[in-house]
Every structure is written in C-alpha cells, then in structure tokens.
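In the text below, chain A, chain B and the rest are named by the order of the sequence lines, each starting its count at 1. Being a predicted model, the structure only gives us computed values, none of them experimental.
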Number of protein chains: 2
Amino acid sequence: MTETIEAPGSVTAMERGSGVALWRQIADRIRQGIAEGTFEEGGRLPPEIALAERFGVNRHTVRGAIAALVQEGVLRAEQGRGTFVQHAPRISYALGRYTRFSANLQGQVRETKGRLLASAVVPADSRTAGALGLDAGASVLRLETVSEADGHPVSRATSWFDAIRFAGMEEAYAKTGSITAAFARCGIDDYMRRSTVVSARHADATVLADLSLSAGAIVLVTVAINEDPEGRAIQFSETLFAADRVELVVAEGL
Amino acid sequence: MTETIEAPGSVTAMERGSGVALWRQIADRIRQGIAEGTFEEGGRLPPEIALAERFGVNRHTVRGAIAALVQEGVLRAEQGRGTFVQHAPRISYALGRYTRFSANLQGQVRETKGRLLASAVVPADSRTAGALGLDAGASVLRLETVSEADGHPVSRATSWFDAIRFAGMEEAYAKTGSITAAFARCGIDDYMRRSTVVSARHADATVLADLSLSAGAIVLVTVAINEDPEGRAIQFSETLFAADRVELVVAEGL
DNA sequence: TATAGTTGTCTATAACAATAGATGAATTTG
DNA sequence: CAAATTCATCTATTGTTATAGACAACTATA
C-alpha cells in the first residue's frame, strides 16, 4: 500500500471573490506543494475530502483543481485508489554571463530544440534601439521563437537584431533551431550576456497557446542583452518561461 | 489637453471560463501595458468604451478592472476627464554576490525599513538543514520579516539561521530592522550571497495581507543562501517580492 | 465476501461574474 | 451656452463558479 502524504499544518484560507476561481487557487497550491516536496513525486495525494477540509472548500471544488492538474499531466487520478503525483521536477535554467539554452539544460533533459514562429524586419522602438545601441527607427530583425525540451515547450522568446548586420539570421535559426548556431553563421563565434532583468506576470492568450499552458498560468520574464566579445550589443530579447516548469538560477561570479 | 495613448494593434481575446475572471485578466494587461510603456506614466488611458472594444468585453467588465487598479493605486479615475496612470516605476532589486536590501534600493527610494513579523526556534527540515550544512532536526531560528520602501511593503522573507550560533538574532533584527546590522551584532561583519534561485507563483492569503496585495497577485520568489567570508552558510532564506512592484536585476560578474 | 475508503457522476441551489441598456454627473470643446 | 465626451450608478438577465447531498463504480483489506 502507498503511504499517504501528510501536509503541513497551516490551513491558509482561500481568497473568495477575488477574480481567481477557488479551484485555480487550489490547483496552484497543489502544484506548489509538489515543487516544494510537500507532496512527493510519485506519492499519493490526500483524498479529496481531506484536501477539501484543509483548504476550507467543498469537495467538488477540489475536484475541479485536480481535474485541471490531471489535464496538465501533473496528477493522475485512479478511481477507488487515489490521486497520484506524476509531475516531472522543474528545470533549472542558469542565468549568467555565459547563457545558452541547450548548454544550460544539458543533463536535465535529453533533447532541446528551437522553433521559429515568425520573423519580420521592423523599425526599432525606443527600448529596442536603446538596448542595441541603434538610432530609434533603425531596421531591426525580430524573431519569435519557442524553445522545447524533450518536446515540451519551455520558453517563448522575442529577439531583436540589427537587421543589416544580421541579415539571414532568420533562415539560419530556422535551419539550426539555435541562436548560438545562427550567430556562428553570421560570424559571431562567441557572445556574452551583458544584462538580465527578471520579472513575472500572467501569460496572455498568445503565450498560453505557444507554451501549452492553461489560462491563468504565470510566466517568468527575462529581458536580456547579449554582446559580442568587443562589447557591442548584438541581441535584445524578452523571454517568457513557464513558471511551473522552470526556475532561474542566478550564477554568481562568471 | 492630454493626448490619448494609442495601444498596439493585436487585439488578443480574453480567456473565458478559465478560472480567472475577465476583469482580472484585463487588469493584468493594463498593468503590463504600463510596465512596457504602452500606457505612458501620467498619461491618459483610452476611454472605457474603447478599452472594452479592444479587449472584446463589455464596458462594465473593463470598469471592474479599472476599479481594481484604482484600488491598488495604479490608476486614478476622474469623472468627465478620463482615467490616468499613476503608477510608480518598478523598483530594481539587484541579485549578486553582494546583496543587501537597503544598499540595493539606494537612489530608488528615500527610506527602507525591515519589520519583524514573527520568530521561532524550530527543528530544521531537510531542505533548511541541507542549505545551512546542519544535521536534519537541528534547532534553527526562523524569522518572518517584511521589508518596506518608503512605507510600502516590497518583500516578505522567511529566513533560517543556526539557532546556537545566532542566538539573539531575533532581537537584533527587531531593533535595527536590518539583517546586515543584526549580523554585525552577532560578529558577522561581512557576508556574501552563495546562491539564488528565482521562481514565481500566486501569492497565498497570508502573503497577500503582508504585502498589501490584492488577491490573485503574483510574487517573485528567491531562495538564497548567504555565507560568511570563510564560506560557511549562515542564512537560508525564501523571499517573496510583489511582482508588480519589483524587477530582479541579475548582476553579472560580482 | 463483506466492508471501508476512494474517485466518478448526477441533481439542485446559491453566489459571483459578465452582458445589456438606460440615465446621471462632471468636464472639455466649439 | 450647447454639445460631445467621459466616468458613475442603477436595474435586469444570463452564464460560470461554489456548495450540498446522494449514490454509483472501483480498489484494497480484513
């Protein structure tokens, strides 16, 4: 028989009438409990009635939360037996001076891939121009990409490049599925992270679709600048990570 | 006359029946628009009817979103004139090897303060013991604190210390409102950040109250270890930042 | 095999969220 | 001043969310 996992003491009340449905708040807390180890990987969740009591809601509300997590693949419910934790642990993504997607995930996943969603040459807005050291309105190449690990989408990035210096970047990325490889084809053999700023917000509908998330999901946002060895900015990017699947590790010194 | 700010083209549909109320999704997008500069600081928001049309919802739903943002202090509505952006820019919090709350915010806010919510000596769980290099079950001092900038709560931290080595830390913190100062009273004149891991999630009810957030708000979570100059772990902490008010800046090199 | 424990499904009711339309109140514009 | 614009408030209706209770289906165990 499987051991039932006992949860921690504090029964924090849910927020009612807050614009976020109770079942979603409970789903968040169960997911969080799994990430923190309160609910063990592969272990059995407490029965629905016990969860309902702990969260101070009706059993049917808990069922809504469980249904959502089953849908996501986080839980697996078996009639008569119980509900079990299926979730894979979070991926750790290192933020440092040397930051590359696939190198970053080595050892954590079997295979990584980048997919080009869209590309366009557009005039730079002031933020982009400032980041890349160009005049406002200069032509920049914008790439919309999704990066996947073992077939599951992990992040969605929008990147901007000097359209003149990096003409053909789009094609190179589409072929290789890697920014590093695409840079290499443009004569950039090495590059470094100049700055990274982290924030978080709810994913909008487009991002939900691209990252296969359910509505209300949270994304970690990094806004970063990469520079070449001479210190010239070559890429400005905003990357959205599914907060349920990824944690960002700040690499100190380096 | 104030110029009405035109918003970007893409009218992304809201997600209905998703567990997140439409008014909250819209509030999130307006907040995001302010952060991204789509809606200018101090500028006027498009009128309610225009916003309703853009988001594909009823005017009353937009009003719900605006009411929530007015409540938060992000917007200010004036009958007959329009709705205006009030928001203060996000505080930038630097994550690096030398990370201290008040030094970090210097130049961004006038005054910083730490407030002790609770303290207790408890047996270390496995995560805490591992982080601090103690045996599981060893006595650790747990401090629950809130840090404020100009009177507004910015972060809420739970910190763990070796209860023997740092006896009296609680009192020292309560008096000084600063971890750095409290360390100094325990003979630690300098300390460094060993590791920082960033994630994000919804704030639970306790945190909402402590950070004066409205329900459904997102927090950035940093889990960090500080060490003394000899490289011994002296503090393990989990800090929650209001994602609407703070962005984390990864300080490269150092 | 009988029983207890667990998830799955159904019905009904109440509370909250979203839409719709109408009207009032304050401000700006011509 | 008159008209247009904009936010504020009210009533009514519909759909979604949450609660409540009852019972069926399945599993494990004594």
With no hydrogens and no angle check, do the side chains of B/E238 and B/T158 hold a donor and an acceptor under 3.5 Å apart?
no

Whole-Å distance, A/I49 CD1 to C/dT6 P, equals 8 Å

Crowded around B/L117 CG? As in, over 12 foreign heavy atoms under 6.0 Å?
yes

Those residues at least two apart in sequence (or on a different chain) that pass side chain to side chain donor-acceptor pair (under 3.5 Å) with B/S212 are none

When rounded to whole Å, the CZ to P distance for the pair A/R63 and C/dT6 reads 14 Å

Note: A/L213 and A/A242 closest approach over all heavy atoms is CD2-CB, 3.9 Å

Its contact letters, B for base, S for sugar-phosphate only and - for none at protein heavy atoms under 4.0 Å, make nucleotides 20-27 of chain D read BBB--BBS

Q.
Tell me whether the side-chain N/O atoms of A/T83 come closer than 4.0 Å to OP1 or OP2 in C/dT6.
A. no

Show me the donor-acceptor pairs, under 3.5 Å and distance only, between side chains in residues 120-127 of chain B and residues at least two apart or in other chains.
{"residue": "B/D125", "atom": "OD1", "partner": "B/R127", "partner atom": "N", "Å": "3.3"}
{"residue": "B/D125", "atom": "OD1", "partner": "B/T128", "partner atom": "N", "Å": "2.8"}
{"residue": "B/D125", "atom": "OD1", "partner": "B/T128", "partner atom": "OG1", "Å": "2.7"}

The answer to which of A/V62 and B/A77 contacts DNA chain D further toward the 5' end, by nearest nucleotide, is B/A77

Whole-Å distance, B/F55 CZ to C/dA18 P, equals 14 Å

Rounded to whole Å, CG of B/L75 lies from P of D/dT6 at a distance of 16 Å

Taken to the nearest whole Å, CZ/A/F84 to P/C/dT6 is 11 Å

Rounded to whole Å, the CH2-P distance (A/W23 to C/dC16) equals 19 Å

message: Would you say B/D150 and B/H152 are linked by a side-chain donor-acceptor pair, where the criterion is simply a distance under 3.5 Å?
response: no

When rounded to whole Å, the CD1 to P distance for the pair B/I26 and C/dT19 reads 8 Å

Atom CD of A/E48 and atom P of C/dG5 are separated, to the nearest Å, by 15 Å

